Colleague: 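Dropping the structure in here first, questions after.
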Amino acid sequence: MTTRTALLEEVIPLTLHGYAYSGRIVHRPDARVAPIVLVGGAFQHQNGWGRVERAFLEAASVITVDLPGWGSADRLPARYGFDFLAEALDQLLSKVAPGPVNVLGTSYGSAVAHQWACEHPGRAERVALVGTMAHLTDHARARVSHLLRLAEHGSRAEFVNSVLHTMVCFSPRATVLRRPTVVRCLTRALNELTTDDVAKYRDNTLRLLMHAELPRGRAVRAPVLVATGEHDPLTTPALSREAATRCPDVRFTTLKDADHLVHLERPTEIVDLLIRFFSGESLAGLDYCHPVEYLRQPSGGTLPSPRPSHDS
């Protein structure tokens, strides 16, 4: 088991073009895979990964970040796109993990992870995108715009209810594990947002509306895994699968009995899937997800073996 005495945590304050932000790394001295970088969604902060981070620390050092516009970092005006956030992520990684890393981008953070991997070929060992889409559909754009209006002018109760119905599948025909607990925890977190948190959410939502397309012209060269919950109402399986087809070496799956908040509903299973992927292990026969599809199978039909960890 991981113990606190076996780990060393560092917090790294950074500034990019005048905007302050920070990252942190928890070192796993006997790591068996390259460091795992976690880039979260709209309401995820660098210290808020909980059991997911603890489980990853069984296999690797873990890097988390509050990019500009997140958590304790400075607000970032919406005119700055995901290329700026990718540059901020790279500045952190250049300091704490100059060798290859495994990157996990979830929801909003998937766009940052994808952009960084496109711009820095050879630095990404493997890339996982959970809850992603290649572009905002008219339906998604309307939903996100509605959330923005509520954040700016609606009551907190209206905003919280709309966020819940955007991220959580409430269909009585769908089984979603831990749904009551996740709804209760997310409701509490949304009600506790500060004025600064809401302002950052507005900036980030405007950024999403202004820079909604995944970058074209450059593909992620590393092996990619795209996944989401089978009942995801926002980044639906169809939209996530479409995003997967933008990558030349990609596999795709959906996790059973989960929606957009799969990391809260099935934390043990999503970590198991990702550790298998980051380690180059087989993804066949997993009972918690639908069969993994190799959408554009590499030459020879096998997954490349991961390089050894470069974490010190």
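Everything quoted here is computed from the prediction, not taken from an experiment.
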Colleague: Check the pair Glu119 / Gln115 against side-chain hydrogen bond (donor to acceptor under 3.5 Å, both in side chains), numbers first and verdict last.
Modeller: CA-CA 6 Å; Glu119 294 179 354; Gln115 180 100 28; 2.8 Å; yes

Colleague: In the structure I gave you, are the side-chain heavy atoms of Leu209 and Leu136 within less than 4.5 Å of one another anywhere?
Modeller: yes

Colleague: Between Asp74 (side chain) and Pro68 (backbone), is there a donor-acceptor pair under 3.5 Å?
Modeller: no

Colleague: With distance as the sole test, does Thr245 use its side chain to make a donor-acceptor pair with the main-chain N or O of Glu242 at under 3.5 Å?
Modeller: yes

Colleague: Would you call Asp203 and Arg207 a salt bridge, taking side-chain N to carboxylate O under 4.0 Å as the test?
Modeller: no

Colleague: Quick one: sort the Phe82 and Tyr108 rings into parallel, tilted or perpendicular, breaks at 30° and 60°.
Modeller: tilted

Colleague: Are the side chain of Thr106 and the backbone N or O of Gly109 linked by a donor-acceptor pair below 3.5 Å?
Modeller: no

Colleague: Minimum heavy-atom separation for Leu255 to Ala227, with atom names?
Modeller: CD1-CB, 4.2 Å

Colleague: Does Arg126 qualify as a cation-pi partner of Phe277, given the criterion of NZ or CZ under 6.0 Å from the six-membered ring centre and within 45 degrees of its axis?
Modeller: yes

Colleague: Which heavy atom of Leu89 sits nearest a heavy atom of Leu67, and at what distance?
Modeller: N-CD2, 3.7 Å

Colleague: Check for a donor-acceptor pair, side chain of Lys200 on one end and backbone N or O of Ala73 on the other, with a separation under 3.5 Å.
Modeller: yes

Colleague: How about Asp249 and Val224: do any of their side-chain heavy atoms sit closer than 4.5 Å?
Modeller: no

Colleague: For the residue pair Cys169 and Ala174, what are the closest heavy atoms and their distance?
Modeller: SG-CB, 3.7 Å

Colleague: Would you indicate whether Arg221, at its atom CZ, is surrounded by more than 12 heavy atoms from other residues, nucleotides or ligands within a distance under 6.0 Å?
Modeller: no

Colleague: Quick one: do Leu239 and Thr137 satisfy side chain to side chain contact (heavy atoms under 4.5 Å, CB included)? Show the steps, please.
Modeller: CA-CA 9 Å; Leu239 290 173; Thr137 63; 3.4 Å; yes

Colleague: Between Ala128 and Phe278, which heavy-atom pair has the shortest distance, and what is it?
Modeller: CB-CZ, 4.0 Å

Colleague: Check whether more than 12 heavy atoms from other residues, nucleotides or ligands sit under 6.0 Å from atom NE2 of His290, and answer yes or no.
Modeller: yes

Colleague: Examine distances only and state if a side-chain atom of Glu192 and a backbone atom of Ala189 form a donor-acceptor pair shorter than 3.5 Å.
Modeller: no

Colleague: So, Ser171 side chain and Arg173 main chain: donor-acceptor pair closer than 3.5 Å or not?
Modeller: yes

Colleague: Does a salt bridge link Arg251 with Glu293, judged by any charged N lying under 4.0 Å from a carboxylate O?
Modeller: no

Colleague: Check whether any side-chain heavy atom of Asp196 sits under 4.5 Å from a side-chain heavy atom of Arg75, and report yes or no.
Modeller: yes

Colleague: Test: salt bridge (Lys or Arg N to Asp or Glu O under 4.0 Å). Region: residues 261-278. Which pairs qualify, not counting sequence neighbours?
Modeller: Arg266-Glu269, Asp272-Arg276

Colleague: Is the closest side-chain heavy-atom distance between Asn47 and His45 below 4.5 Å?
Modeller: no

Colleague: Go through the steps for Ile275 and Phe56 under the test side chain to side chain contact (heavy atoms under 4.5 Å, CB included), then give the verdict.
Modeller: CA-CA 7 Å; Ile275 289 294; Phe56 278 136; 3.6 Å; yes

Colleague: Are Phe252 and Tyr294 close enough that their ring centers fall under 6.0 Å?
Modeller: no

Colleague: Quick check: does any side chain N or O of Thr236 sit under 3.5 Å from a backbone N or O of Asp232, one acting as donor and the other as acceptor?
Modeller: no

Colleague: Using only atom types and a distance under 3.5 Å, with no angle test, would you say the side chain of Asp66 pairs donor to acceptor with the backbone of Gln46?
Modeller: yes

Colleague: Using the side chain to side chain contact (heavy atoms under 4.5 Å, CB included) rule, pick out the option among Leu76, Val112, Val65, Asp197 that qualifies with Trp70.
Modeller: Val112

Colleague: Taking Arg51 for its side chain and Thr268 for its backbone only, find out whether a donor-acceptor pair lies under 3.5 Å.
Modeller: no

Colleague: With a cutoff of under 4.5 Å between side-chain heavy atoms, which Ile, Leu, Val, Met, Phe, Trp and Tyr residues group with Val183?
Modeller: Phe43, Leu147, Leu150, Phe159, Val160, Val163, Leu164, Met167, Val168, Phe170, Val182, Leu186, Leu190, Leu193, Val198, Tyr201, Leu261, Leu264

Colleague: Please report the closest heavy-atom contact between Pro29 and Leu7, naming both atoms and the distance.
Modeller: CD-CD2, 4.4 Å

Colleague: Between Arg28 and Asp30, is there a side-chain N and carboxylate O pair less than 4.0 Å apart?
Modeller: yes

Colleague: Side-chain contact test, heavy atoms from C-beta onward, threshold under 4.5 Å: evaluate it for Ile36 versus Ile63 and give yes or no.
Modeller: no

Colleague: Begin with the C-alpha distance, continue with both residues' side-chain angles, and end with the deciding distance and a verdict on side chain to side chain contact (heavy atoms under 4.5 Å, CB included) for Trp116 and Val101.
Modeller: CA-CA 12 Å; Trp116 178 82; Val101 295; 3.8 Å; yes

Colleague: Donor-acceptor check, side chain of Tyr288 to backbone of Leu273, threshold 3.5 angstrom: yes or no?
Modeller: yes

Colleague: Taking a hydrophobic cluster as the set of Ile, Leu, Val, Met, Phe, Trp and Tyr residues connected by side-chain heavy atoms closer than 4.5 Å, whether directly or through intermediates, do Ile270 and Val176 fall within one such cluster?
Modeller: no

Colleague: Is the shortest side-chain heavy-atom distance between His114 and Val127 below 4.5 Å?
Modeller: no

Colleague: Do the non-hydrogen side-chain atoms of Pro237 and Thr228 ever get within less than 4.5 Å of each other?
Modeller: yes

Colleague: Looking at every heavy atom in both Ala284 and Ser282, which two are closest together, and how far apart are they?
Modeller: N-OG, 3.1 Å

Colleague: Take Lys95 and Glu10 through the test salt bridge (charged side-chain N to carboxylate O under 4.0 Å, His left out) and record every step on the way to the result.
Modeller: CA-CA 11 Å; Lys95 288 182 177 293; Glu10 294 182 77; over 6 Å; no

Colleague: Would you mind reporting whether His17 and Phe84 have side-chain heavy atoms less than 4.5 Å apart?
Modeller: yes

Colleague: Looking at Glu158 and Arg149, is there a salt bridge between them, counting it only when a charged N and a carboxylate O are closer than 4.0 Å?
Modeller: no

